[in-house]
Amino acid sequence: ELKVEQNPLFLSMQEGKNYTIYCNYSTTSDRLYWYRQDPGKSLESLFVLLSNGAVKQEGRLMASLDTKARLSTLHITAAVHDLSATYFCAPLIQGAQKLVFGQGTRLTINP
Amino acid sequence: NAGVTQTPKFRVLKTGQSMTLLCAQDMNHEYMYWYRQDPGMGLRLIHYSVGEGTTAKGEVPDGYNVSRLKKQNFLLGLESAAPSQTSVYFCASKPIPSGSYNEQFFGPGTRLTVL
């Protein structure tokens with residue numbers, strides 16, 4: 001059974017700072033998704049990481065995947081208030097094409 | 001394209017009542033999923049479908065049934081609602097993986113309260 005752990009679960013940071021969210025998972029998966037969720041809203045796709053060593057960047061967010069370590073990271077550079085949201089990682093169970101979600105990291109960015 | 005839509009957006013039920021949530025997608029996707037999201041938790045998979053006429057159990061299937069009679073629709077049924085089923089329900093769909101394209105799209109959610 002695939003288990004996913006994100007940390008931290010809560011993160012309060014100041015604008016302009018850098019930080020990293022970690023996503024560890026327990027069994028083999030070579031695809032991993034990152035989503036953003038604003039309060040009361042649905043999930044918005046941020047990144048799909050397709051292979052070991054994959055790195056994707058969009059604006060102030062950069063995601064990476066290390067399938068050997070079973071670890072993905074979401075790095076925030078020079079945070080701005082608009083990035084305040086909950087972020088979820090979800091590795092894919094290959095054969096069944098199912099995602100398993102982490103608990104989410106609630107990110108609050110203060111002026 | 002409307003993407004993934006869900007009906008209704010909100011519903012309040014009394015314990016023991018039944019209801020059906022409808023998910024529709026217009027992207028011709030093969031895979032469809034029903035999740036529930038509870039406060040402080042990630043999404044948990046209830047049931048899913050890998051194609052028209054197929055369904056399979058997810059992580060938390062008890063108390064729910066599903067049907068996929070048409071490729072574009074995936075229905076989630078609660079036969080006898082319980083307060084523990086108070087949650088936000090999300091539907092999602094995904095195409096058959098093709099090269100680097102493998103994105104899963106989510107509907108807007110249905111907020112269900114069972115009294």
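Order of the sequence lines fixes the chain letters, A, B, ..., with proteins taken first and strands second; residue numbering starts at 1 for each chain.
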Original post:
Does any heavy atom of chain B fall under 4.5 Å from the side chain of A/Leu92, the backbone, both, or neither of them?
Top reply: side chain
Original post:
Nearest heavy-atom pair of A/Tyr33 and B/Lys94: which atoms, and what distance?
Top reply: OH-CD, 4.1 Å
Original post:
Using a cut-off of under 4.5 Å for heavy-atom pairs, which of B/Tyr33, B/Tyr48, B/Tyr35, B/Tyr31 has the most such pairs with chain A?
Top reply: B/Tyr48
Original post:
If you count the non-hydrogen atoms of other residues, nucleotides and ligands that lie under 6.0 Å from CD in B/Gln17, is the total more than 12?
Top reply: yes
**OP:** Check the surroundings of atom CE in A/Met62: do more than 12 heavy atoms from other residues, nucleotides or ligands lie under 6.0 Å from it?
**Re:** no
**OP:** Group every Ile, Leu, Val, Met, Phe, Trp and Tyr by side-chain heavy-atom contacts under 4.5 Å, then state whether A/Phe88 and A/Leu46 land in the same group.
**Re:** no
Original post:
Which one, B/Gly107, B/Gly109, B/Ala92, leads in non-hydrogen pairs under 4.5 Å with chain A?
Top reply: B/Gly107
Subject >> Within 6.0 angstrom of A/Glu15 CD, more than 12 heavy atoms from elsewhere >> reply: yes
Original post:
Applying the 4.5 Å side-chain criterion to the ILVMFWY set and letting contacts propagate, would A/Tyr25 and A/Ile93 be lumped into a single cluster?
Top reply: yes
Original post:
Does atom CZ of A/Arg106 have more than 12 heavy-atom neighbours from other groups under 6.0 Å away?
Top reply: no
Subject >> Contacting region of B/Arg111 [heavy-atom separation from chain A under 4.5 Å] >> reply: side chain
**OP:** Provide the closest heavy-atom pair for A/Ser42 versus B/Phe106 in the form atom of the first, atom of the second, distance.
**Re:** OG-CB, 3.4 Å
Original post:
Where on A/Glu44 is there a heavy atom nearer than 4.5 Å to chain B: the side chain, the backbone, both, or neither?
Top reply: neither
Original post:
Do A/Leu11 and A/Trp34 belong together in a cluster built from hydrophobic side chains that touch within less than 4.5 Å?
Top reply: yes
Subject >> Within one Ile-Leu-Val-Met-Phe-Trp-Tyr cluster: A/Leu74 and A/Val80, side-chain cutoff 4.5 Å >> reply: yes
Original post:
To the nearest 0.5 Å, how far apart are CG in B/Leu43 and CG in A/Leu43?
Top reply: 5.5 Å
Subject >> B/Gln37, part contacting chain A, at a heavy-atom distance under 4.5 Å >> reply: side chain
Original post:
For the residue pair B/Gln104 and A/Tyr35, what are the closest heavy atoms and their distance?
Top reply: O-OH, 3.1 Å
Subject >> Closest non-hydrogen atom pair between B/Phe90 and A/Lys41, with its separation >> reply: CZ-O, 3.8 Å
